Amino acid sequence: MELKRGHDWRRLVSILYVLAFSVYLIIGLQPVEARNYDISGEVTIPSINLNSAVTTLTLNNNRLDTPDTIVGSYSRNNKIFLIGHSSTVFKNLHLVKLGDVIYYKNKIYKIIGTETLAKSQIDMNEILTPTKQNTLVIMTCAGEDLGGGDATHRLIVTAVEK
């Protein structure tokens, strides 16, 4: 009789473990983006197989909060500024080349420049300075990881409307 009770107890613990693990998989792995951001568009860069939803960002204490797994957009004058994490959505952004195309909001942009700058050298007023031509600027982290989703440098890709 003792053996049977011990066997039943192990079976019950195994079943509870499987149920708890299943609930974790179903609930715990849901994307955070779906709950936090309104989708305002989509950006596609065919050369690096990037296709991502985009959410419109607003300044919060003179700061833009970068979404975890999609692209954030901020517009000023005739410039569109796109940001995203290099560990997720922009993990292959460093592979783009001059002349590659970017599709955003029913417009086609051609990449005219890429540069990597130290974080301390970034001047957002300069990046968002108006230009005569509609311009798309993409920025993501680069360089050494500082932790907390930050890095020592920024990769900046500039594209103009074709």
Side-chain angles (χ1 to χ4, degrees), residues 21 24-162:
F21 186 69
Y24 167 76
L25 287 176
I26 293 168
I27 295 172
L29 297 179
Q30 295 299 314
V32 174
E33 303 304 334
R35 291 183 280 145
N36 292 334
Y37 297 102
D38 293 325
I39 305 304
S40 61
E42 184 175 275
V43 63
T44 302
I45 307 175
S47 65
I48 59 170
N49 296 317
L50 182 138
N51 188 15
S52 175
V54 177
T55 186
T56 301
L57 302 175
T58 55
L59 283 176
N60 184 10
N61 292 326
N62 213 22
R63 177 188 161 109
L64 294 171
D65 292 323
T66 306
D68 290 333
T69 59
I70 64 173
V71 175
S73 102
Y74 178 76
S75 297
R76 187 163 126 189
N77 301 315
N78 58 343
K79 281 206 176 162
I80 299 170
F81 181 59
L82 301 179
I83 58 173
H85 287 290
S86 60
S87 59
T88 58
V89 68
F90 286 140
K91 66 183 174 198
N92 292 322
L93 189 62
H94 66 283
L95 299 174
V96 298
K97 294 180 178 40
L98 298 180
D100 285 355
V101 294
I102 301 171
Y103 299 94
Y104 181 66
K105 294 225 175 182
N106 298 319
K107 294 181 181 176
I108 301 171
Y109 295 85
K110 179 180 170 185
I111 295 176
I112 61 165
T114 64
E115 64 181 330
T116 301
L117 297 174
K119 181 180 170 182
S120 61
Q121 293 178 311
I122 303 296
D123 179 354
M124 290 307 299
N125 287 324
E126 184 179 323
I127 288 175
L128 295 173
T129 297
T131 57
K132 291 182 181 181
Q133 192 170 11
N134 288 339
T135 304
L136 187 68
V137 178
I138 301 174
M139 188 166 73
T140 193
C141 290
E144 293 183 42
D145 186 9
L146 295 173
D150 199 3
T152 57
H153 291 73
R154 298 293 185 264
L155 171 60
I156 301 169
V157 175
T158 305
V160 293
E161 187 177 358
K162 286 176 81 172

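For clarity, every value in this text was computed on a predicted model and none was experimentally measured. Residues take their numbers from the sequence shown, with the count starting at 1.
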Side chain to side chain donor-acceptor pair (under 3.5 Å) partners of Thr44, counting only residues at least two apart:
Asn51
What pairs meet the side-chain hydrogen bond (donor to acceptor under 3.5 Å, both in side chains) rule with one or both residues in residues 75-86, with sequence neighbours excluded?
none
Compile the donor-acceptor pairs under 3.5 Å between side chains in residues 127-134 and protein atoms, sequence neighbours left out, one pair per line.
residue	atom	partner	partner atom	Å
Thr129	OG1	Asn125	O	2.7
Thr129	OG1	Glu126	O	3.2
Thr131	OG1	Gln133	O	2.7
Thr131	OG1	Thr135	OG1	3.0
Gln133	NE2	Glu161	O	3.0
Asn134	ND2	Glu161	OE1	2.7

If you round to the nearest 0.5 Å, how far is [atom2] of [Y] from [atom1] of [X]?
{"X": "Tyr74", "Y": "Ile83", "atom1": "OH", "atom2": "CD1", "value": "11.0 Å"}
{"X": "Thr66", "Y": "Leu82", "atom1": "OG1", "atom2": "CG", "value": "11.5 Å"}
{"X": "Met139", "Y": "Thr116", "atom1": "CE", "atom2": "OG1", "value": "12.0 Å"}

Tabulate below the donor-acceptor pairs under 3.5 Å that side-chain atoms of residues 89-113 make, not counting sequence neighbours, or state none.
residue	atom	partner	partner atom	Å
His94	ND1	Lys91	O	3.3
Asp100	OD2	Ser47	OG	2.8
Asp100	OD2	Lys97	N	2.8
Tyr104	OH	Ser73	OG	3.3

Give the table of side-chain donor-acceptor pairs shorter than 3.5 Å for residues 152-160, with sequence neighbours excluded, one pair per line with atom names and distance.
residue	atom	partner	partner atom	Å
Thr152	OG1	Glu144	N	3.0
Arg154	NH1	Asp150	OD1	3.3
Arg154	NH1	Ala151	O	3.0
Arg154	NH2	Asp150	OD1	2.7

Minimal non-hydrogen separation, Pro67 against Thr55, with atom names:
CG-CG2, 3.8 Å
Taking the side chain from Ser40 and the backbone from Thr56, do they hold a donor-acceptor pair closer than 3.5 Å?
yes
Side-chain donor-acceptor pairs under 3.5 Å in residues 57-64, sequence neighbours left out?
residue	atom	partner	partner atom	Å
Arg63	NE	Asp65	OD1	3.0

